[in-house]
Number of protein chains: 2
Amino acid sequence: MRDDADSRNSPDLAERFADWQDLGLDPHRCPVRDVLSHVGDKWTTLIVAALAGGPRRFGAIHRVIPDISKRMLIQTLRDLERDGLATRRVFPTSPPSVEYSLTPLGRSLLGPLTALVAWAERNHAAIDAARTRFRAET
Amino acid sequence: MRDDADSRNSPDLAERFADWQDLGLDPHRCPVRDVLSHVGDKWTTLIVAALAGGPRRFGAIHRVIPDISKRMLIQTLRDLERDGLATRRVFPTSPPSVEYSLTPLGRSLLGPLTALVAWAERNHAAIDAARTRFRAET
DNA sequence: CCGTATCCGGATGGATACTG
DNA sequence: CAGTATCCATCCGGATACGG
């Protein structure tokens with residue numbers, strides 16, 4: 001499963017990293033760390049994916065991701081809203097209904113995110129194989 | 001409100017998500033979740049970036065990422081090794097020296113990862129602004 | 001229907017001290 | 001130099017119950 005086509009971009013990361021070094025690499029002020037932790041947390045990516053198709057109501061998202069608690073769903077949506085990746089619209093119906101949708105900024109994340117997801121799907125077999133091999137050697 | 005420039009890639013994610021649904025979306029067996037959590041954890045991305053330029057010794061990595069404990073450095077390197085993203089070579093010198101480097105699989109991750117990092121760098125200003133705005137409104 | 005509040009177990013990760 | 005072992009604080013996130 002060689003994929004050297006992708007490694008043409010790789011020098012970039014080494015260079016950027018060197019730049020971060022020069023800036024002090026304070027993890028608490030590093031925007032990259034900030035954003036990536038967002039991506040890596042338990043629910044953000046799934047929710048962004050759920051909103052990728054268009055606006056959804058709270059309950060709809062919850063139905064689409066059954067194993068998230070309301071607590072975590074709200075919290076993650078709030079974080080997305082806070083960071084300007086999603087918006088929240090309240091319709092004063094009764095009972096109230098709330099609709100979430102991605103902002104342009106949020107949608108601009110879909111490209112890089114999809115690339116990463118595609119990589120995961122392409123290579124999870126190789127990763128599984130590596131794990132099995134690793135366990136066998138120890 | 002449409003932002004068609006960036007959203008050309010976006011239908012993919014919505015479709016994939018729908019597929020995951022059909023497969024049951026068991027988080028513990030979802031390869032995507034598995035990989036993304038890897039990317040999102042505190043140190044993996046930094047270490048991969050540090051190895052992007054070529055093989056490095058344990059101490060060299062540690063010097064390049066000063067604020068990681070040896071414990072976490074080892075643990076993260078082990079995980080990378082386990083997943084087939086990095087290799088570990090021991091040179092039986094005295095004192096011993098150990099060299100880590102990315103595998104082809106690991107290097108193939110650099111492309112998607114760099115795209116995500118580039119997004120983070122492009123948009124962290126917008127995110128910061130959104131946060132300030134959000135705090136102001138509450 | 002949408003959200004909040006509280007409690008609590010387990011994972012994460014830092015500090016420190018010790019080996020070969 | 002490279003790694004291990006132990007202890008301990010913090011945080012993430014689930015369960016539950018309640019409110020508008």
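All chains are named by letter (A, B, ...) in the order of the sequence lines, taking the proteins before the strands, and each is independently numbered beginning at 1.
Between A:His62 atom NE2 and D:dG14 atom P the separation is 10 Å, expressed in whole Å. Counting to the nearest Å, the P atom of C:dC2 and the CD atom of A:Glu81 are 15 Å from each other. When rounded to the nearest whole Å, the span between CD1 of A:Ile61 and P of C:dG3 equals 9 Å. One interatomic measurement links the two molecules: CG of B:Leu77 to C1' of D:dG3, which rounds to 11 Å at whole-angstrom precision. Taking atom CG of B:Asp67 as the reference point, atom P of C:dG14 lies 8 Å away to the nearest angstrom. Whole-Å rounding puts the B:Leu73 CG to C:dG14 C1' distance at 14 Å. Per the geometry, CD belonging to A:Glu99 stands 12 Å off P belonging to C:dG3, to the nearest Å. Atom-to-atom, CD1 of A:Ile74 to P of C:dA5 comes out at 11 Å; the value is rounded to the nearest Å.
Between A:Glu121 and B:Arg16, at least one side-chain N (NZ, or NE/NH1/NH2) sits under 4.0 Å from a carboxylate O, which counts as a salt bridge. Using a 4.0 Å cut-off between charged nitrogen and carboxylate oxygen, B:Arg82 and B:Asp79 count as a salt-bridge pair.
Here the side chain of A:Arg71 is nearest to one of C:dG3, C:dT6, C:dG14, namely C:dT6. Of the listed nucleotides (C:dG14, D:dC1, D:dG14), D:dC1 has the atom at the smallest distance from the side chain of B:Pro95. When each of C:dT6, C:dC2, D:dA2 is scored by its nearest atom to the side-chain atoms of B:Val98, the top-ranked nucleotide is D:dA2. For B:Phe58, the side-chain atoms get nearest to D:dA2 when compared with the rest of D:dA2, D:dG14, D:dC7. Comparing atom distances between the B:Ser97 side chain and each of D:dA2, D:dG13, C:dG3 picks out D:dA2 as nearest. Comparing D:dG20, D:dG3, D:dA15 by their closest approach to the side chain of A:Pro96 singles out D:dG20.
The 12-atom threshold is exceeded at CZ of A:Arg131, counting heavy atoms of other residues, nucleotides or ligands nearer than 6.0 Å.
Under 3.5 Å, the side chain of A:Lys42 and the base of D:dG13 form no donor-acceptor pair of N or O atoms.
A:Phe134 and B:Leu109 are members of different hydrophobic clusters when ILVMFWY side chains are connected at heavy-atom separations under 4.5 Å.
Here B:Phe91 lies out of heavy-atom contact (under 4.0 Å) with every strand. Here B:Arg57 lies in heavy-atom contact (under 4.0 Å) with sugar-phosphate atoms only. Across all strands shown, B:Arg78 has heavy atoms under 4.0 Å from sugar-phosphate atoms exclusively, and none from any base.
Considering only side-chain N and O atoms, A:Tyr100 lies nowhere under 4.0 angstrom from the phosphate OP1 or OP2 of C:dC2. Not one side-chain nitrogen or oxygen of B:Arg88 sits closer than 4.0 Å to the OP1 or OP2 atom of D:dA2.
Between B:Gln75 and B:Lys70, it is B:Gln75 whose nearest contact on DNA chain C lies nearer the 5' terminus.
One side chain, A:Asp41 or A:Thr44, offers a donor N or O that lies under 3.5 Å from an acceptor on the other. A side-chain donor from one of B:Ser101 and B:Thr87 sits under 3.5 Å from a side-chain acceptor of the other.
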